[in-house]
Amino acid sequence: DDFTTGVDVNTGNGAVISGNTMTSVEYGVVGTGVTGLNVNNNTMTGNSVIGVHVLNNNGAAVSSNVLNEFATGVKVEN
């Protein structure tokens, strides 16, 4: 698709997304199939779709993020 994504993680183990500033994104962070995904201390501004989208992850942690102007801040699907 042609969505603007700040960080897109597609499989792996223990990915840490921390301390980033993302602007004008439709999706701030998308994590798919990652064990131990950790998304913390990020600032995301989008005026758009989803700040953090977690799909099919085991042990994901999402904390202390500033999410501005998203229709959905955090969406978790399994």
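This is a predicted model, so every value here is computed, not measured.
Residues Leu55 and Val9 are members of separate hydrophobic clusters, defined by side-chain heavy-atom contacts under 4.5 angstrom among Ile, Leu, Val, Met, Phe, Trp and Tyr. Side-chain heavy atoms closer than 4.5 Å link hydrophobic residues (I, L, V, M, F, W, Y) into clusters, and following such links, possibly through other members, connects Val52 to Phe70. Residue Val29 is grouped with residue Val76 when hydrophobic side chains (ILVMFWY) are merged at heavy-atom distances under 4.5 angstrom, including chains of intermediate members. Tracing side-chain contacts under 4.5 Å through hydrophobic residues (I, L, V, M, F, W, Y), one reaches Val62 starting from Val7; they form part of the same cluster. If you chain together hydrophobic residues whose side chains sit under 4.5 Å apart, Val16 and Val74 never meet in one group.
Of the residues Asn68, Leu67, Thr21, the one that meets the side-chain contact (heavy atoms from CB on, under 4.5 Å) test with Met44 is Leu67. The only member of Asn58, Asn57, Val54, Asn56 that meets side-chain contact (heavy atoms from CB on, under 4.5 Å) when paired with Asn78 is Asn56.
The main-chain N or O of Thr4 is found under 3.5 Å from a side-chain atom of Glu26 such that the two form a donor-acceptor pair.
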Donor-acceptor pairs under 3.5 angstrom involving side-chain atoms of residues 33-42: please list them, not counting sequence neighbours.
{"unit_1": "Asn38", "atom_1": "OD1", "unit_2": "Asn40", "atom_2": "ND2", "d": "2.7"}
{"unit_1": "Asn40", "atom_1": "OD1", "unit_2": "Ser18", "atom_2": "OG", "d": "2.8"}
{"unit_1": "Asn42", "atom_1": "OD1", "unit_2": "Gly19", "atom_2": "N", "d": "3.3"}
{"unit_1": "Asn42", "atom_1": "OD1", "unit_2": "Asn20", "atom_2": "N", "d": "2.9"}
{"unit_1": "Asn42", "atom_1": "OD1", "unit_2": "Asn20", "atom_2": "ND2", "d": "3.0"}
{"unit_1": "Asn42", "atom_1": "ND2", "unit_2": "Ile17", "atom_2": "O", "d": "3.0"}
{"unit_1": "Asn42", "atom_1": "ND2", "unit_2": "Asn40", "atom_2": "O", "d": "3.0"}
{"unit_1": "Asn42", "atom_1": "ND2", "unit_2": "Asn65", "atom_2": "OD1", "d": "3.1"}

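Within the 4.5 Å cutoff, no side-chain heavy atoms of Thr45 are placed close to those of Asn47.
Taking NE2 from His53 and CG from Asp8, the interatomic distance works out to 11.0 Å, rounded to the nearest 0.5 Å.
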